[in-house]
Amino acid sequence: MIRSASILLIVAALCAVVGAQGPKTGLTAAQQQQLFQRNRAMIQTLVDSTVDMSTMSGDYVYRAKTYRKVIMEFQRELGSAAETSDAGRIAELGSHLDTLMRQGLAPSMRAARQQAASGTGKKDLMDLRDRTVELVDWLQDKARNQWADTPEVRDVIQKLELSKKELNESVSP
Amino acid sequence: MVSRDAGHLPGDESGLILAAQSGDRESFARLVERYWDSLYRWLCHMTRDGHAAEDLAQETFLKAFAALDRFRAGSNFRAWLFRIAHNNFVNQRRSMRHSRQPLTQDFPETDPGPEEDALSKEALQLLTDAVAKLPADFRSALMLRAEADLSFKEIADIMGITEQTARWRVFKARQKLMTVLEPELLPPARG
Amino acid sequence: MAVEEPANLPVELGEHLDGCEACRAWMRSYGQMNEALNRLAVPASGGYGKIAVLERVRGVPTINVSQSTNHKPIDSVKPMPIDLEDDLPKKKRQLAPFAAKYWPVGVIAATLLVGVIAWLNLRGQKPQQQTPQPSDPMLDNVVRLNVEFAKAQAPADRVEVLTKLADELNQEMREIARADGTGENMQALEQMYRKVVLQGLVAQAKQVAPAQRAAVLGPIANRLAAAKKIASETAAASPEHSAVRLRNVADIAGDGAVEIHKLIKEAAI
């Protein structure tokens with residue numbers, strides 16, 4: 001009985017903590033709903049990637065491949081932002097791409113390189129590396145020609161240059 | 001039993017293949033869409049591993065794409081594709097013997113389907129386990145028949161055996177499965 | 001069982017079946033078994049393999065990106081299949097017949113045009129600005145959790161990250177429940193929550209070593225129980241199309257907690 005009471009107390013305390021988490025910084029429900037609507041596809045892809053990674057935790061080739069869909073989603077979103085010259089959106093997405101490349105994709109590919117035998121595994125890693133580098137090159141070129149005078153975009157472009165190097169190094173022998 | 005080719009005209013596929021062989025990539029893409037699911041499913045039964053099945057399916061279609069000019073128009077494209085898949089599977093199995101074994105996954109539960117003619121959940125689970133326990137060559141032949149709807153002659157071509165052996169393997173596999181399922185399916189014999 | 005077409009039995013066999021109930025029963029069972037063989041469930045394809053094949057076959061990404069007819073290849077880089085639309089008019093007007101008669105008009109028009117361009121530049125309108133949108137904290141967190149997961153080495157760490165991801169989704173649902181007019185976003189969030197808890201968290205929890213389960217999974221189970229309670233409470237105060245999603249999420253959290261408790265109990269035996 002004491003044990004059940006303790007558990008109830010813990011649950012109640014957790015409810016109080018979790019319930020007290022107010023709306024995210026300064027945003028109304030309507031704003032949050034709009035932001036979610038805009039980013040829904042990207043969020044879904046990232047959630048899928050996280051769960052898919054968990055299904056084969058020890059297989060780094062598979063884990064690296066879960067980023068393929070993520071990169072494709074970035075390709076699509078950045079393309080839309082480019083069509084409307086939305087520099088703010090470019091900077092936002094570019095910053096996330098930088099984080100994912102450096103802290104997610106590059107380490108997974110480094111580990112995968114050791115696991116991948118020759119054949120499909122290694123080829124897939126190279127394909128994924130090429131696609132990602134191509135996306136970054138395109139973005140850098142567009143930025144230099146069109147959005148170069150936006151500080152946020154300039155900053156993101158510089159970071160992506162470093163991420164690109166790291167990605168290339170992750171699959172080099 | 002509804003044919004898996006329902007909705008696809010026989011002439012439609014030859015048209016796609018000819019177009020693909022002439023360089024129309026979109027036609028080959030349509031062939032991929034048509035056959036991906038059944039090939040993937042068969043490879044799942046063979047490897048007992050969804051991820052390995054996905055990789056092998058990918059490899060199979062890419063090899064088929066590269067070798068499309070060697071496909072003889074008028075012959076059975078499905079059988080040709082499954083032959084490539086079977087070879088890939090066999091090669092992978094050989095190489096896996098020397099390195100790490102793939103993790104086998106828990107397969108999801110099968111939906112029993114319409115009530116009147118369906119096996120119970122327990123029977124389906126028994127069937128799933130029994131199929132998994134069949135020796136690979138027997139499982140391969142059985143599931144080529146069940147999933148890919150191939151004739152015994154085509155199964156024989158794919159597996160590099162005689163038609164008689166293909167028929168025998170499917171027969172023995174079915175016999176084994178019925179032995180496992182009988183207590184679930186059939187009422188006890190009256191004494 | 002060796003017959004090529006079960007529907008077309010040999011005559012002798014057909015005649016036997018007509019007279020033998022036991023064999024007919026066996027035949028029915030055999031038919032059920034064959035029917036079930038091609039319905040046996042297999043793990044859902046992740047889709048990566050098919051996407052990779054279709055990309056290579058088609059030679060372009062399989063995403064819906066618009067193609068501009070004015071696309072100029074970038075010098076040292078392979079062209080992306082998208083480009084900005086060129087807004088400038090493409091037709092050249094034929095001015096020669098009118099030039100002699102209306103040249104003063106032309107001069108005035110040109111002066112006006114120059115003035116407008118100068119005014120726009122002075123206003124600093126380049127590049128074209130969109131109404132700035134705030135950055136999305138949820139997207140920030142989901143990106144952060146994805147890379148945190150990629151770095152997590154031990155099952156205990158991975159379970160923790162997946163729990164945080166589940167909490168994030170749960171919170172988002174609670175916050176937009178009243179703003180989501182159609183329920184589409186709530187449905188998407190519910191599906192993500194289901195995937196994270198049942199396919200991710202519970203599956204990963206099984207990897208935690210038995211000796212660690214009580215310490216690692218106990219708090220996780222409590223958090224799921226708390227999430228269930230809060231989702232139910234929020235459902236009560238939400239429009240019905242959101243409430244149904246929140247109730248589903250409460251059930252998922254509850255199921256997840258039950259599974260986690262089972263794992264802890266198994267380890268204790």
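All values derive from a computational prediction rather than experimental measurement. Below, read A as the first sequence line, B as the second, and so on, with proteins coming before strands; counting in each chain starts at 1. All values below were derived from every heavy atom in this structure, side-chain atoms included, with hydrogens, water molecules and symmetry-related copies excluded.
Ranked by heavy-atom pairs shorter than 4.5 Å toward chain C, the options B:Leu127, B:Val170, B:Val131 are led by B:Leu127. Ranking B:Phe28, B:Phe61, B:Trp36 against chain C, the residue ahead of the rest is B:Trp36, based on heavy-atom pairs under 4.5 Å.
For B:Glu26, the part sitting under 4.5 Å from any heavy atom of chain C is the side chain, from C-beta outward, and nothing else. For chain C, no part of B:Leu56 is nearby; none of its heavy atoms comes within less than 4.5 Å.
There is a side-chain donor-acceptor pair under 3.5 Å between B:Gln125 and B:Asp129.
By the 4.0 Å N-to-carboxylate-O rule, C:Arg28 lies close enough to C:Glu21 to be salt-bridged with it. Salt-bridge annotation for C:Lys206 and C:Glu259: absent, with no side-chain N of the basic residue lying under 4.0 Å from a carboxylate O of the acidic one.
The two residues B:Ala136 and B:Arg93 have their closest heavy-atom pair at CB-NH1, 3.2 Å.
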